Amino acid sequence: MRRVLQNAALFCDELVVLDDGSTDGTPDVIRAEWPKPLTLETTQSVSGWWEGGAEGNSRVALWNLACSRAEHGWVYVFDADHELIGITPSHYITLLSVEYVNAWACPLYDCWDSPDTHRVDGFWQAWRFPRVWLARALGKWPLNGSLGTPRPIHAGHLPPFEWKVGIMPEGAAIRHLGYVNKAHRVAKHAKYLHITSP
Amino acid sequence: MNNGLTPFERAHAESIIQSAIVEPIPPLKRFRVLVGSVVRKPPAVVSALLRTLAWQRLRAPIDVSYHFITDFAPTDGFAADSVGLLTDFIKNAKGDGNRLEHNRNEQESDYGDGLETRHWQASALHRVGALKNRLLQRVLSEGFDAVWLVDADVLCDPTTLQSLWDNDDAIVAGVYWTHWQRPNSHSVGVVHAGPQVWLRHPYCLDGRGWTEADFRRALVRRGRVRVWGLGACTLIRAHAIAKGCNFSRIGDLPPGPMSDGEDRHFCWRADALHLPMYADAWPDIWHCYHPEDQNQIDRRLAQLQRVRPESEVELGGSTRASVGNLVSAKLTNLEQPDVPPEYVRGRLGNLEVLPELQEAVASMDVGSTRLVRVHFPVHYQLAAYRGQTRLFQVQLLDVKPYRLPPVVDEEHLVGARSGSTLDATTLNEAQLADAVEGATRV
């Protein structure tokens with residue numbers, strides 16, 4: 001978490017956190033480590049992912065919260081195990097100055113066994129296909145069926161707007177650290193297979 | 001138990017604890033390139049070949065392995081000396097993927113040098129194709145990322161492999177120029193040099209929207225051009241080989257000189273597999289084609305080597321370009337990823353790009369990248385861009401002092417003051433004589 005926050009601080013003026021039921025003191029770590037303005041809320045009316053609920057509900061709530069703070073600026077959406085690499089803060093600022101696109105995509109590396117290696121077989125192809133992680137705060141996430149049935153896992157990080165997407169400079173990527181540690185992989189596997197609600 | 005996951009989601013979740021294939025993340029990945037050549041040349045040529053392969057300077061994280069296959073006939077008296085050179089080279093090369101193989105060639109008369117040009121019989125072409133296929137097979141079986149196939153009489157400057165790699169294409173060949181026919185007493189016209197890339201089979205330098213003059217001009221100006229025929233100095237990515245690209249005979253091709261060449265079959269197959277091929281005229285490459293060309297080897301090697309080590313001195317000790325230098329750059333429109341990157345080559349100060357991009361190139365070091373906001377003027381030739389602004393990534397791939405490619409430089413007149421060039425092959429004999437006289441008078 002410390003590592004992820006230090007990384008995010010390079011690129012963001014303010015942090016918006018939705019704590020969806022963590023049990024390991026994450027909010028305290030964030031308050032202690034984040035050096036800039038912070039908005040931290042805990043899910044109340046939506047059941048969080050760690051409670052066995054749908055991931056999608058948390059995503060919607062987080063986006064709406066971030067948009068309310070961004071005031072038509074840009075929102076960089078990341079999980080608590082994501083690190084943005086391969087781009088300097090200066091180049092990142094340049095991305096925010098554009099007028100044509102309203103979203104920026106880059107690949108994601110599912111790091112495995114080490115932060116410097118990633119998994120490339122079978123389902124693990126996110127490194128091949130850039131996805132949007134940085135987008136203009138265009139407004140609230142529509143809930144009237146555009147989202148469809150919220151998925152328990154692999155829910156999109158951003159609302160299904162018709163984004164005009166650019167690709168970040170070559171080398172920029174998200175390093176997904178959640179699968180580095182074998183014990184964490186086993187725990188995630190168990191969590192995924194015991195999700196009971198859609 | 002129905003836990004709300006789709007079969008796909010469930011399978012994805014199950015895969016978390018299954019065995020994984022893991023690689024270094026792309027910024028840390030090192031690429032493996034096999035450098036391969038089928039060799040049946042005398043020691044003077046082999047020595048030069050090995051020198052030019054060894055002096056390749058790479059910016060990209062590439063590990064090179066060498067694989068030579070000799071194809072000497074029993075009557076090749078020079079074979080032992082050439083094999084000795086290859087053996088020493090392999091023994092001293094870094095890494096453990098280097099290999100020297102010997103093919104016993106019993107068809108001694110199916111290949112050789114004639115009065116005017118080289119002669120190949122079909123058996124020679126197919127044999128060499130089969131040997132090259134062995135190199136392609138090794139790429140797949142040992143997990144190389146690409147193979148660079150170099151004919152044994154093709155001598156490349158130190159930037160060649162890096163330039164081919166920078167192209168990002170499945171199949172790309174460095175361009176060189178050859179006087180395929182020796183002029184003789186029966187020649188009625190001037191014999192010009194020709195490139196080893198072409199637009200239509202078997203060897204047509206026009207078509208596909210090009211005139212021959214425009215195609216030649218684009219190559220002389222160091223361009224990167226899509227072609228439908230190439231060979232002899234080719235970087236082939238592994239995925240092209242995996243898709244089925246190889247040198248095996250594909251059937252009867254359009255008749256003509258060298259029409260049964262293994263390169264022709266390769267190119268025809270690549271086209272059928274929808275694999276575009278590109279000619280990269282950036283590097284300086286010289287083809288030691290006729291036996292008497294061996295007398296030029298030392299001079300040509302000095303010319304090729306001048307492209308890099310001394311060029312940094314000529315560039316004032318830095319790797320930044322000055323006006324008039326040749327530059328090679330890659331421009332990527334980050335806001336429109338559906339638009340392929342543009343490869344720009346030319347003389348700094350005269351590049352056919354918008355001023356902001358040229359200015360960025362002028363301020364960069366080789367290998368560096370910059371983000372540039374580009375403002376398209378209201379009168380821009382492409383209406384969709386008029387009055388628009390886009391963010392580009394500019395990468396400066398290489399810089400070198402201005403010079404024309406080897407061999408074709410002897411077919412140009414160069415203005416002493418302006419540096420402008422006149423392609424002598426575009427003039428008739430009377431015009432040429434007049435132009436040369438005029439140049440002398442000035």
Side-chain angles (χ1 to χ4, degrees), chain A residues 52 54 85-88 90-91 93-95 97-101 104-105 107 109-124 127 130 149 151-154 164-173 175 179 182 184-198, chain B residues 1-30 60-61 143 166 168 239 330-341 360 367-376 384-385 387-395:
Chain A
I85 62 171
I87 184 168
T88 63
S90 165
H91 280 179
I93 296 290
T94 305
L95 299 184
S97 68
V98 299
E99 297 147 17
Y100 184 70
V101 300
W104 288 103
Y109 307 144
D110 286 305
C111 294
W112 214 268
D113 298 333
S114 139
D116 293 337
T117 52
H118 69 136
R119 186 168 179 179
V120 298
D121 61 289
F123 293 99
W124 305 89
W127 59 283
T149 305
R151 299 306 310 147
I153 59 174
H154 303 151
K164 200 177 269 184
V165 182
I167 304 293
M168 291 190 194
E170 190 177 336
R175 200 176 353 210
Y179 291 111
K182 186 174 177 184
H184 293 163
R185 296 201 291 263
V186 171
K188 268 202 183 184
H189 170 260
K191 179 61 67 177
Y192 281 147
L193 293 182
H194 287 90
I195 290 171
T196 53
S197 62
Chain B
M1 174 176 75
N2 177 8
N3 61 353
L5 298 183
T6 64
F8 178 90
E9 289 168 341
R10 186 172 185 84
H12 186 289
E14 292 282 12
S15 74
I16 294 173
I17 57 168
Q18 292 165 355
S19 64
I21 297 175
V22 175
E23 286 184 0
I25 58 174
L28 300 177
K29 182 177 162 70
R30 291 196 65 83
D166 282 335
D168 269 344
H239 66 83
K330 181 177 169 185
L331 311 179
T332 307
N333 182 341
L334 295 179
E335 295 190 67
Q336 289 176 268
D338 52 317
V339 177
S368 66
T369 62
R370 274 185 69 174
L371 299 189
V372 181
R373 279 170 63 83
V374 178
H375 303 88
F376 291 86
Y385 289 96
Q388 301 279 310
T389 302
R390 295 286 185 273
L391 188 65
F392 276 74
Q393 178 173 34
V394 179
Q395 184 180 13

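Per chain, numbering begins at 1; letters A, B, ... match sequence-line order. Here the structure is a predicted model, which is why all the values come from computation and not from measurement.
- Heavy-atom pairs under 4.5 Å with chain B peak, among A/Pro130, A/Gly122, A/Ser97, at A/Ser97.
- For the residue pair B/Leu371 and A/Leu95, the shortest heavy atom distance occurs at CD1-CD2, 4.4 Å.
- Applying the 6.0 Å contact sphere to CD of A/Glu170 captures no more than 12 heavy atoms from other residues, nucleotides or ligands.
- A/Glu99 has its side chain within reach of B/Arg373: a pair of non-hydrogen atoms, C-beta onward, lies under 4.5 Å apart.
- Remark: B/His239 NE2 is packed, more than 12 non-hydrogen atoms of other residues, nucleotides or ligands lying under 6.0 Å away.
- Heavy-atom distances place the side chain of B/Gln393, and not its backbone, under 4.5 Å from chain A.
- Across all their heavy atoms, B/Ala20 and A/Arg119 have their closest contact at CB-NE, 3.2 Å.
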Exercise. Given A/Trp124 and B/Ile16, is the side-chain contact (heavy atoms from CB on, under 4.5 Å) satisfied, shown in steps?
Worked result: CA-CA 10 Å; A/Trp124 305 89; B/Ile16 294 173; 3.8 Å; yes
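- For B/Thr389 against A/Tyr100, the heavy-atom pair with the smallest separation is O-CB, 4.5 Å.
- Counting heavy-atom neighbours within 6.0 Å of B/Lys29 NZ, excluding the residue itself, gives a total above 12.
- Once rounded to the nearest 0.5 Å, the distance linking CG of B/Leu5 with OH of A/Tyr192 reads 9.5 Å.
- With a threshold of 4.5 angstrom between heavy atoms, B/Glu335 approaches chain A through its backbone and through its side chain.
- Using a 4.5 Å cut-off between heavy atoms, B/Leu334 touches chain A through backbone and side chain atoms alike.
- Taking each heavy atom of A/Leu193 and B/Arg10 in turn, the nearest pair found is CD2-NH1, 3.7 Å.
- Most heavy-atom pairs under 4.5 Å with chain B, from the set A/Asp113, A/Ile85, A/Val120, A/Thr94: that is A/Val120.
- Proximity to chain A (any heavy atom under 4.5 Å) is shown, for B/Glu14, by both the backbone and the side chain.
- Residues satisfying the salt bridge (Lys or Arg N to Asp or Glu O under 4.0 Å) test with A/Arg175, not counting sequence neighbours, are A/Glu83, A/Asp116.
- Atom CD in B/Gln18 sits 12.5 Å away from atom CZ in A/Arg185 (nearest 0.5 Å).
- The heavy-atom pair separating B/Pro337 from A/Gly166 by the smallest distance is CD-CA, 4.3 Å.
- Listed options B/Thr332, B/Ile25, B/Asp338, B/Thr369 were ranked by heavy-atom pairs under 4.5 angstrom with chain A; first place goes to B/Ile25.
- Taking every heavy atom of both residues into account, B/Ser19 and A/Asp121 meet most closely at O-OD2, 3.9 Å.
- Per-residue counts of heavy-atom pairs under 4.5 Å with chain A were compared for B/Pro24, B/Pro26, B/Ala11; the largest is that of B/Pro26.
- In this structure, A/Tyr109 OH and B/Leu28 CG are separated by 9.0 Å, a value rounded to the nearest 0.5 Å.
- Between A/Phe123 and B/Phe8, the two ring planes are perpendicular [angle over 60°; tilted spans 30° to 60°].
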